[in-house]
Amino acid sequence: MIKVFNTMSGKKENFVPLTPGKVNMYVCGITAYDVCHLGHARSAIVFDIIKRYLRYRGYKVTHVRNITDIDDKIIARAAQDGTSTDAVAKKYANEYYRDMDLLGVSSADLQPNATDHISEMIEAIEVLIEKGYAYPVDGDVYFEVSKFSGYGKLSKKNVDDLLSGARVDIDERKKSPLDFALWKSSKEGEPWWESPWGKGRPGWHIECTAMSSKYLGESFDIHGGGADLIFPHHENEIAQSEAYSDKPFVKYWMHNGFITVDKEKMSKSLGNFFTIKEILDKYEPEVVRYFLLSAHYRSPIEFSDVQLNEAELSIDRYYTTVLRIGDFLESAGAKEKLPQSEELVGLLSSFKDKFHHAMDDDFNTASALGFIFELIREVNRFLDSKPSGQKAKDLVARTKELLAEVGGILNIFNKTPVEWYRSLIAIKKIELSEDDLLQKIEERQEARKQKNWEAADAVRKELDEIGIILEDKSDGTAWKVRVG
RNA sequence: GGCGACGUACCCAAGUGGUAAGGGAGGGGUCUGCAAAACCUCGAUUCAGCGGUUCGAAUCCGCUCGUCGCCUCCA
């Protein structure tokens, strides 16, 4: 049984979708007004993995991820750049899709834009007005928070506290400072759409109500996003959606934690952010994914080079072992020899259960990675015991299969070792062609044959200086890239 | 001020009632021409502190200290 932490209840709950075998999932994407930073990547990667795991467990998942392509920030950006909001939104949405692609995040099944759903939003707003939950003022339309009795149930806030907090803007035209805009009249020079209340544009929250109900129905299973969306965005979505449909909006609310820098939330306004592009210039996408999966998705995770380097080391340990497995499968002798196989056999039979157990428990990727490295150690230990024969090969091949299977779900560990090293050469900007490298290794082999250790060591030192490490093995010399 | 989360070894991190996963760094060793990798081994009698519940708590409850987040746009 999969357990999911539901922000609404504050507890882990058994995951039982509304329709057996089917999961409808809506995840808030981005507002397209600037390039994305690592925080955006975390949300995308976390929910991508959740989707992959649910599919692996047999659910038919429909995943919707929206793009907000009209809002104040986009308007401001367009004015600043002397271009249209449309051009700004398109540009940064495309940047986002490119970043996600580089990071290995699969695209959602539906990636709707807010501006393609204006009529649905207007329709929803009309219903809210009819039902007495919203009121128009001078071309704006506001949602009347006091009319919705459940307001605050997600973010655990009560209306009185919010009112006394006094950090809400004072607008005389609103009945209450807590009321939020469903529709905003357009000012001179701003983009607009025709509506029953005049020319204007939608407020931020209503798009998610309109698009989620259109594509997933008025009630659906999972709604996700960063924890900073809990209030007010998701709280407001609930108010609008449930007022509109009189049905429970979402069964499981899931929110990922923040990325921090020096313990502080990475954010635009603090200026302490790193863009995805900056990071991918220094690190393999797989390293970034591993790093983000190495902590539970709800925990804060501290961004630093030390952390990324450790992730790189861990992945390298994985590929080093895969290389070793490959060598063994190619060259193992025929004579049946199985010293010390019990532990590996035992782990092979329990491994999937352990992995499932970790992932079933609110997608505990950090724990799952622990089990993967347990298996890595066990197979290394087995190989150290110098086994041979078909049975040994079967065990090792089985290990390789299992590792590939779970790696596929986490979307890491899916390269060949050589691809990993090649990729590292590129990312670390090592200026040496693979041909030249192999040439040098060849030269060194000659020297070694003649027991000319000085010459052999000189080659190794030369390569070491540019970040290439050589490993002498019984049947030749392998190369790898220094990591960490 | 209100609400919420977190505090596990040198660093990162899992563990939510049954006696501390995993990765990195470090000491010692096996292997090796030397290395590297791999493996073995050492390393928290202890989970911020203090009380309480329990046969038993890192895990539940209370208080204290510390850190962070939300309450305004924010993944």
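In the text below, chain A, chain B and the rest are named by the order of the sequence lines, each starting its count at 1.
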Between B:rA5 and B:rA9, how far apart are the C1' atoms? Round to whole Å, please. 24 Å
So, A:Glu95 and A:Lys277, do they make that salt bridge, N to O below 4.0 Å? yes
Is there, by distance only and without an angle test, a donor paired with an acceptor across the side chain of A:Arg444 and the base of B:rG33 below 3.5 Å? yes
Are A:Thr7 and A:His255 close enough that a side-chain donor and a side-chain acceptor fall under 3.5 Å? yes
Closest to the A:Asn364 side chain: B:rC73, B:rG15, B:rC39? B:rG15
Given B:rA14, B:rG23, B:rA35, the nucleotide with the shortest approach to the side chain of A:His296: B:rA14
A:Glu264, nearest nucleotide to its side chain (from B:rC12, B:rG69, B:rA75): B:rG69
How do A:Leu38 and A:Val306 order along RNA chain B: which one's closest nucleotide is nearer the 5' end? A:Val306
Taking B:rG56 as the reference, what is the distance to B:rA37 when you measure between their C1' atoms (whole Å, please)? 44 Å
Using the C1' atom as the point on both nucleotides, what is the distance between B:rC70 and B:rG15, in whole Å? 28 Å
Nearest-neighbour nucleotide for the A:Pro232 side chain, B:rU72, B:rG69, B:rA14 considered: B:rU72
Can you identify which nucleotide, out of B:rA37, B:rC39, B:rC71, has its nearest atom closest to the A:Glu471 side chain? B:rA37
When rounded to the nearest Å, what value does the distance between P atoms of B:rC40 and B:rA21 take? 15 Å
From C-beta outward on A:Thr320, which listed nucleotide comes closest to its side chain: B:rA21, B:rC12, B:rA37? B:rA37
For B:rA20 versus B:rC31, give the span between their P atoms, rounded off to a whole number of Å. 33 Å
From the options B:rC71, B:rC12, B:rA75, select the nucleotide whose nearest atom is closest to the side chain of A:Glu310. B:rC12
Side chain of A:Ala295 only, heavy atoms from C-beta on: which candidate in B:rG24, B:rU72, B:rA13 is closest? B:rA13
Can you check whether A:Trp453 stacks with the B:rG33 base, using ring centres under 5.5 Å and planes within 30°? yes
Using heavy-atom distances to pick each residue's nearest nucleotide on RNA chain B, tell me which of A:Ile376 and A:His233 is more 5'. A:Ile376
Considering only the C1' atoms, how many Å lie between B:rG43 and B:rC11, rounded to the nearest integer? 14 Å
Across all strands, who's sitting opposite B:rA9 as a Watson-Crick or G-U wobble pair, both distances under 3.5 Å? none
Of all the nucleotides listed (B:rA38, B:rA75, B:rU16), which has the minimum atom distance to the side chain of A:Asp361? B:rU16
Between B:rC34, B:rG2, B:rA38, spot the one nearest the side chain of A:Arg460, thanks. B:rC34
